[in-house]
Amino acid sequence: MPGRYAVSFDPSPDLGDIACSMESLALAIEVRDAYTRGHCDRTGRIARALGQCFDLEPAQLEQLELAAHFHDVGKIGVPDRVLLHPGTVPDDDWPAIRAHSELGERIFLASGHAHASEVATLIRHHHEAMDGSGYPDGLAGDAIPLGARLLRVADSYDAMTTRRTYAEARSHETAMRILHAEQHQKIDPEVFRVFEQLMRNADLREA
């Protein structure tokens with residue numbers, strides 16, 4: 001029987017009713033790509049803090065943090081030669097990368113969690129863009145769920161400020177300049193405005 005994988009945040013969302021298969025998949029992703037676990041944990045902390053700034057209800061905060069933790073679980077279906085590629089991802093491999101959001105939605109829907117539908121929706125849409133250029137559905141503006149807009153910013157910031165197989169870590173200042181330039185195109189300007197204020201907290205940046 002697969003070992004159980006305990007995920008914890010502060011404060012902790014309710015992970016008690018997630019099926020063992022879901023936890024096993026999270027562990028499989030960590031073993032396959034160690035970066036992903038730390039990235040998802042950090043993204044979860046940032047997303048929760050950002051959600052609190054938007055006065056989300058407790059259930060919505062839990063859904064957002066769960067979506068942050070499992071937003072990359074669909075990468076279990078990305079071939080190793082693509083997921084672990086040491087340099088810039090070739091154009092031909094981007095369809096395999098983009099497929100992870102839809103696959104992640106399907107995986108979480110099968111988890112048995114009480115909020116599976118809500119969390120899966122956020123996982124599906126965390127790469128949508130304000131101008132409609134994102135994926136998988138090309139949603140734009142307010143058609144993108146608020147939680148997905150929050151998650152996009154948290155995910156993008158952590159991805160830029162940590163070292164990955166295909167990119168060196170950028171500084172906080174550089175990441176903030178890039179996000180500032182992406183307002184109205186990729187990210188929600190109101191979300192960025194609040195995020196900019198939130199990230200003045202050095203403890204959150206270094207968590």
Side-chain angles (χ1 to χ4, degrees), residues 25-47 50 67-108 120 122-141 144 147-189 191-192 195-196 199 204-207:
L25 279 167
L27 179 57
I29 276 288
E30 179 184 359
V31 170
R32 190 167 173 229
D33 177 21
Y35 164 79
T36 298
R37 163 67 194 275
H39 166 63
C40 290
D41 284 352
R42 291 185 300 272
T43 299
R45 286 190 288 271
I46 295 171
L50 190 54
H69 184 75
F70 290 109
H71 73 278
D72 278 342
V73 74
K75 287 183 177 178
I76 194 73
V78 178
D80 282 346
R81 67 172 182 79
V82 178
L83 183 64
L84 306 178
H85 187 76
T88 302
V89 178
D91 290 345
D92 289 349
D93 287 337
W94 272 109
I97 294 288
R98 292 190 179 111
H100 82 276
S101 57
E102 292 178 89
L103 180 56
E105 175 196 33
R106 289 167 54 197
I107 291 170
F108 205 92
L122 300 184
I123 291 172
R124 179 181 181 89
H125 295 303
H126 75 278
H127 281 295
E128 303 286 1
M130 291 299 287
D131 64 1
S133 64
Y135 61 88
D137 298 318
L139 300 183
I144 305 169
R149 284 179 269 150
L150 300 176
L151 180 51
R152 167 121 198 188
V153 172
D155 177 32
S156 296
Y157 175 83
D158 188 76
M160 285 191 285
T161 55
T162 52
R163 187 181 183 280
R164 292 164 289 167
T165 57
Y166 55 89
E168 293 295 325
R170 293 181 169 100
S171 69
H172 165 73
E173 292 75 17
T174 298
M176 294 303 286
R177 284 197 299 271
I178 291 171
L179 289 173
H180 183 274
E182 290 180 342
Q183 295 180 90
H184 301 285
Q185 299 170 350
K186 293 184 178 180
I187 66 172
D188 185 332
V191 172
F192 177 74
F195 179 74
E196 190 173 31
M199 295 308 286
L204 187 59
R205 295 201 303 263
E206 297 167 5

Answer whether the closest heavy-atom distance between the side chains of [X] and [Y] falls below 4.5 Å.
X	Y	result
His126	Leu122	no
Glu128	Pro136	yes
Ile178	Arg170	yes
Ser156	Arg152	yes
Ile76	His100	no

Distance in Å, [X] [atom1] paired with [Y] [atom2], rounded so as to fall on 0.5 Å steps:
X	Y	atom1	atom2	result
Met176	Glu196	CE	CD	5.0 Å
Asp72	Ile97	CG	CD1	9.5 Å
Arg98	Asp93	CZ	CG	11.0 Å
Met130	Ile187	CE	CD1	9.5 Å
Tyr157	Leu179	OH	CG	9.0 Å
His184	Phe192	NE2	CZ	11.0 Å

Mind listing the closest non-hydrogen atom pair of [X] and [Y] along with its distance?
X	Y	value
Thr161	Ala169	O-CB, 3.6 Å
Gly134	Ala129	N-CB, 3.5 Å
Ile123	Phe70	CD1-O, 3.8 Å
Ile107	Gly74	CD1-CA, 4.2 Å

### Query
Which is it for Phe108 and Val73 under the side chain to side chain contact (heavy atoms under 4.5 Å, CB included) test, yes or no, and what are the steps along the way?
CA-CA 8 Å; Phe108 205 92; Val73 74; 5.6 Å; no
### Task
State whether the side chain of Gln183 and the backbone N or O of His180 hold a donor-acceptor pair below 3.5 Å, judged by distance alone.
yes
### Message
Is it the case that the ring center of His127 lies less than 6.0 angstrom away from the ring center of His71?
### Response
no
### Message
Determine whether Asp131 and Lys186 satisfy the following criterion, side chain to side chain contact (heavy atoms under 4.5 Å, CB included), listing intermediate values before the conclusion.
### Response
CA-CA 6 Å; Asp131 64 1; Lys186 293 184 178 180; 5.8 Å; no
#### Entry: Residues in salt bridge (Lys or Arg N to Asp or Glu O under 4.0 Å) contact with Asp137, at least two apart in sequence or another chain
Arg124
